Amino acid sequence: MLAPPASIRALAFHRRLPLLRPNHPTLLPHSPGPPPPPPPRPCPAPTRSLMAFSAETAGEEAEEEALPGAAGAGGGGEVSSEEWQRWGTSSPLPTVVASVVRQLLEMESVAGEKMRFGGVGSKLKGDFKDVEDKKHRAVYETLADSDQKLQYYSARQIGCRLLGSRGYLCQKCWLPMEDCMCSKLAPCNLWRGIRFWLYMHPKDFLRQNNTGKLLWQVFGIQAASLCLFGIQEHEDIMWDAFQRSGKEKVSFLYPNKSATPKSVNDLKFDDFTMNAGLQEGGVQHEPLNLVLLDGTWSNSAALYRRLKERWTAIWGEEDIPCISLSMLSASVMHKLRPQPAWDRTCTAAAAAGLLSELHMRPELSAFKLEEQAEAVECSLDILLDALTVRRVRLGRSITRKQRHRRDCI
């Protein structure tokens, strides 16, 4: 039975309650149908909900809404750089992704039938799926090493999602166009002393309930940049930025992975960043790069391993600088998405928690980081509301599945 609209609305905007980690003295992280959306409005200051971890805690892939078969027809020819960038990146279209898309379109032409996509992740459907599956397995077996295989795997995931989402998903918010929430989001400037990187697993690319996308929707693609796991050209752009900044200006938000545990208070900011912005005397000074691992928790370990391998290859160090947040509460997305545990959180909530903890440092209090954290929190509420309304309209459950063993509020 569906809840009445009033209680659904209350559910969508219910704030998180802080949880205490045992044996620790402090709080610790981590269409037609609906009426037209109202114009952007300021969001009231929330009770802070600070998170420890940055990987998505979405449930298994089966929990994501399926694409309707009719809407998932690939079409429109090859993917252009302009189309690619409208999905949330400033990078050129990766060569390996373009190649996979081209192969799919050539197979479609030979088969004489249109590709059909549906289900989770815009998977191919019908007879074409069987033909393509044999083809891609044959290609995969010819690849010489594991890195080439990863690149091909990632590119195939992304290529299918690009073609299957055409004409169905909004290219900014990744929701079905009848549920687009873009008009409700209010942009906000991120302090120039930091830059977010969303290191995203390809299975989270174009997922409707992904929250990492909210960061570039709120702050812009230059302040919050997408980097896709296994796409070499994307990863090179990110690591080139790290090398320009220097290893002292790179940190990864991932819990309990450094040999010496680090917190937000251990992040270092130089005088140029603190006092004069990022440019002085014609010299450009780089911001602090903060990397968020954006994928399900089962996929985050692979993201971390690849980051660690690249860090070691460049700087010769086994220990990469990971930080955890010092505050913890249950994510707002717990109400809709299954979670492995209450002490895990979504990417956007982790970013909001990080900004809030930075704001609590006296020397950073003038940079309005708390307002930037609240802008992310508001965008999470808007996403949750949009997903909830859609599920109600489609007759789907809006209650989360219990995947953890601990009692929760």
Side-chain angles (χ1 to χ4, degrees), residues 54-67 71-72 74 78-101 104 115 117-124 136 150-177 196-217 221 224-238 291-300 302-303 306-307 333 337 346-348 351 383 387:
S54 61
E56 288 288 355
T57 52
E60 297 306 316
E61 296 291 321
E63 288 300 315
E64 184 183 317
E65 273 187 36
L67 273 169
E78 295 188 18
V79 175
S80 67
S81 289
E82 292 76 14
E83 179 184 353
W84 166 251
Q85 291 174 351
R86 285 196 294 269
W87 290 111
T89 179
S90 60
S91 78
L93 176 65
T95 304
V96 65
V97 174
S99 176
V100 166
V101 170
L104 288 169
M115 287 181 280
F117 297 87
V120 176
S122 303
K123 291 185 174 68
L124 284 164
H136 99 259
L150 172 61
Q151 290 186 56
Y152 181 69
Y153 162 81
S154 297
R156 183 174 175 271
Q157 287 279 336
I158 292 163
C160 286
R161 288 164 188 255
L162 287 170
L163 293 177
S165 299
R166 275 178 169 171
Y168 176 57
L169 297 185
C170 169
Q171 289 185 286
K172 292 185 177 179
C173 67
W174 299 359
L175 295 183
M177 286 190 281
F196 284 123
W197 290 89
L198 282 301
Y199 190 46
M200 184 179 291
H201 195 278
K203 285 190 174 182
D204 254 64
F205 182 62
L206 304 189
R207 283 189 70 169
Q208 296 173 35
N209 63 8
N210 174 272
T211 67
K213 64 189 176 187
L214 296 173
L215 295 185
W216 66 74
Q217 285 190 278
I221 59 175
S225 301
L226 172 64
C227 177
L228 287 162
F229 169 76
I231 301 300
Q232 189 72 47
E233 292 160 72
H234 253 212
E235 294 176 328
D236 286 347
I237 290 171
M238 181 174 73
V291 184
L292 306 173
L293 279 63
D294 193 11
T296 61
W297 275 92
S298 59
N299 290 329
S300 67
L303 300 176
R306 189 161 175 85
L307 290 171
M333 296 301 286
R337 306 189 314 189
C346 64
T347 303
L383 174 60
L387 293 171

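Predicted, not measured: the structure shown is a model, and the values here were computed from it. Position 1 is the first residue of the sequence, and the numbers go up from there. Any value given below was found using the heavy atoms of this structure, including those in side chains, with hydrogens, waters and symmetry copies removed.
The minimum heavy-atom distance linking Asp294 with Met200 is given by the pair OD2-CE, 2.9 Å. For the residue pair Pro176 and Gln208, the shortest heavy atom distance occurs at CD-OE1, 3.5 Å. The shortest heavy-atom contact between Ser154 and Gly230 is OG-CA, 3.6 Å. Taking each heavy atom of Leu293 and Ser300 in turn, the nearest pair found is CD2-O, 3.7 Å. Listed here is the closest heavy atom pair of Met177 and Cys170: CG-N, 3.7 Å. Heavy-atom minimum distance, Leu206 versus Leu169: O-CD1, 3.5 Å.
Taking the six-membered ring for Trp and thresholds of 30 and 60 degrees, Phe205 and Trp84 have ring planes inclined between 30 and 60 degrees apart.
Once rounded to the nearest 0.5 Å, the distance linking CH2 of Trp197 with CG of Leu215 reads 13.5 Å. Distance check: Asp204 CG to Thr296 OG1 gives 6.5 Å after rounding to the nearest 0.5 Å. Taken to the nearest 0.5 Å, the CG atom of Leu198 stands 12.0 Å off from the NZ atom of Lys213. Here the CG-SG distance, from Asp236 to Cys227, works out to 9.0 Å after rounding to the nearest 0.5 Å. Atom-to-atom distance recorded for Arg161:CZ and Lys203:NZ is 8.0 Å, nearest 0.5 angstrom. For the atom pair Ile231 CD1 and Ile237 CD1, the distance stands at 11.5 Å (nearest 0.5 Å).
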(message) Evaluate Phe229 against Leu150 for side-chain contact (heavy atoms from CB on, under 4.5 Å), listing each step before the verdict.
(response) CA-CA 9 Å; Phe229 169 76; Leu150 172 61; 3.5 Å; yes
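Looking at Met238 and Leu307, their side chains come closer than 4.5 Å, going by heavy atoms from C-beta outward. Proximity of Gln171 to Trp87: side-chain heavy atoms (C-beta onward) are separated by under 4.5 Å at one or more points. Side-chain contact between Val97 and Leu228 is absent, with no heavy-atom pair separated by less than 4.5 Å. Residues Gln232 and Val96 form no side-chain contact, since every pair of their non-hydrogen atoms from C-beta on lies 4.5 Å or further apart. A 4.5 Å side-chain heavy-atom check between Leu383 and Leu175 finds at least one atom pair inside the cut-off.
Within the structure, every pair that satisfies the salt bridge (charged side-chain N to carboxylate O under 4.0 Å, His left out) test and touches residues 79-88, not counting sequence neighbours, is listed here: Glu83-Arg166.
With sequence neighbours left out, Glu235 forms a side-chain hydrogen bond (donor to acceptor under 3.5 Å, both in side chains) with Tyr199, Arg306. Scored by the side-chain hydrogen bond (donor to acceptor under 3.5 Å, both in side chains) test, Trp216 finds no partners at all (sequence neighbours excluded).
Checking side-chain atoms of Ser99 against main-chain N and O of Thr95 turns up no donor-acceptor pair under 3.5 Å. Without hydrogens or angle criteria, Thr211 side chain to Thr347 main chain gives a donor-acceptor distance under 3.5 Å. Using modelled atom types, one side-chain atom of Gln85 and one backbone atom of Ser91 make a donor-acceptor pair closer than 3.5 Å.
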